[in-house]
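In listed order, ligands and their atoms are each counted from 1.
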Amino acid sequence: MTPASILAARLDDLLERAQEDTGAVSPVWMDDLRAVVELARGLDPYLESMSTPESPALAELARRTAAEDWNGPSGHGVLEQEMLSGHVEGQLLKTLVHASRARRVLEIGLFTGYSALAMAEALPDDGRLVALELDAGVAAFARRCLDGAPAGARVDIRVGPAADALSALVEAGETFDLIFVDADKGGYRGYLDTALDGGLLAEHGLVVVDNTLMQGQPWTSGPSTVNGTAIAEFNAAVAADPRVEQVVVPLRDGLTLIRRVTGSHA
Ligand SMILES: C[S@@+](CC[C@H](N)C(=O)[O-])C[C@H]1O[C@@H](n2cnc3c(N)ncnc32)[C@H](O)[C@@H]1O
């Protein structure tokens, strides 16, 4: 679910209720309501249809992810099919890798490998993407999917808690041109600090952080989940951080693009 999909569903619901209760809403207001429903409903399909189609390998990975029973006996625990980023977000990530001419990419939160493969497809032949994943079962699933994809060999999967893997990467003196953060929301601040202060982010590198709109929870007055609170705190911390410049892109559940301000290298 994204702010746009929630808005579309709630407007749909309002329209349905207004149609059932004839006379409660004036015809002029009904026309306005139909117009905003059309606007909200049509956004995601329009973005899909106007963006470059996904590659056959990405489509196959998405199909295999959708076919898996995430609540079944093999027990992937808290994982769910909806975690997959998908076509338009994958295309944005791919474009960012191309445009930044990234050669080394780090992903924190692999799941079944969709965003990893989208970015790997934009890397040069000698480019490499290191992907961190806590769950060994889903990492093995991703590996099987990636092994059947032309760019899959560029993805190097590390299984275990991201914080440990990041420490090992810092220790090894590794740097990355683009870092995509898409794992446990409570870990985001630590991951960004390690990227900036541990030297993982290359001098002109870009950090891309997923789900920073968290279904609208950071700015709406309804109840907030643990993830919603973590994201609200993360966003406020980034907004007040003199080390970086950032922009929140309202695509899907929100992506924040962050770059280090020149001269603030640790
Ligand atoms: C939203 S999914 C990633 C989706 C993926 N980037 C994509 O686009 O398809 C989040 C993933 O992060 C993993 N994860 C959660 N906590 C983690 C941690 N502490 N370290 C590493 N991975 C973690 C989860 O197991 C899950 O697979």
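Side-chain polar atoms of E107 and S115 form a donor-acceptor pair below 3.5 angstrom. No hydrogens or angles considered: a donor-acceptor pair under 3.5 Å links the side chains of Q217 and T225. In the model, E48 has a side-chain atom that pairs as donor or acceptor with a side-chain atom of H87 under 3.5 Å.
Looking at atom 16 (N) of ligand 1, its nearest protein heavy atom turns out to be D184 OD1, 3.4 Å. Of the protein's non-hydrogen atoms, L134 N, 3.3 Å is the one closest to atom 21 (C) of ligand 1. Nearest protein heavy-atom neighbour of atom 20 (N) of ligand 1: A162 N, 2.9 Å. Atom 24 (C) of ligand 1 has its closest protein heavy atom at E133 OE2, 3.4 Å. Closest to atom 7 (C) of ligand 1 among all protein heavy atoms lies S115 OG, 3.2 Å. For atom 14 (N) of ligand 1, the nearest non-hydrogen atom of the protein is A183 CB, 3.9 Å. In terms of protein heavy-atom proximity, atom 8 (O) of ligand 1 is closest to S85 OG, 2.6 Å. With hydrogens left out, the protein atom closest to atom 10 (C) of ligand 1 is D182 O, 3.1 Å, a heavy atom.
Looking at ligand 1, you won't find any N or O of K185 less than 3.5 Å from one of its N or O atoms.
For the ligand labelled ligand 1, residue L110 lies inside the 4.0 Å heavy-atom shell. For the ligand labelled ligand 1, residue G160 lies inside the 4.0 Å heavy-atom shell. F141 does not count as a contact of ligand 1, since none of its heavy atoms falls under 4.0 Å from the ligand.
Put simply, the side chain of D126 reaches to within 4.5 Å of the side chain of R103, judged on heavy atoms. Looking only at side-chain heavy atoms (C-beta outward), L169 and F176 come within less than 4.5 Å of each other.
In this structure, the side chain of R154 does not engage the main chain of R128 through any donor-acceptor pair within 3.5 Å.
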Give the intermediate values and the outcome of side chain to side chain contact (heavy atoms under 4.5 Å, CB included) for residues V159 and L132. CA-CA 6 Å; V159 177; L132 312 183; over 6 Å; no

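Residue D253 forms a side chain to side chain contact (heavy atoms under 4.5 Å, CB included) with just one option from S5, P3, S85, and that option is P3.
In this pair, F234 and Y188 present their aromatic rings perpendicular. The plane angle is above 60°, beyond the 30 to 60° band.
The proximity of E107 to ligand 1, defined as any non-hydrogen pair under 4.0 Å, is limited to the side chain. Contacts with ligand 1 closer than 4.0 Å are made by backbone heavy atoms (N, CA, C, O) of P161 only, the side chain lying farther away.
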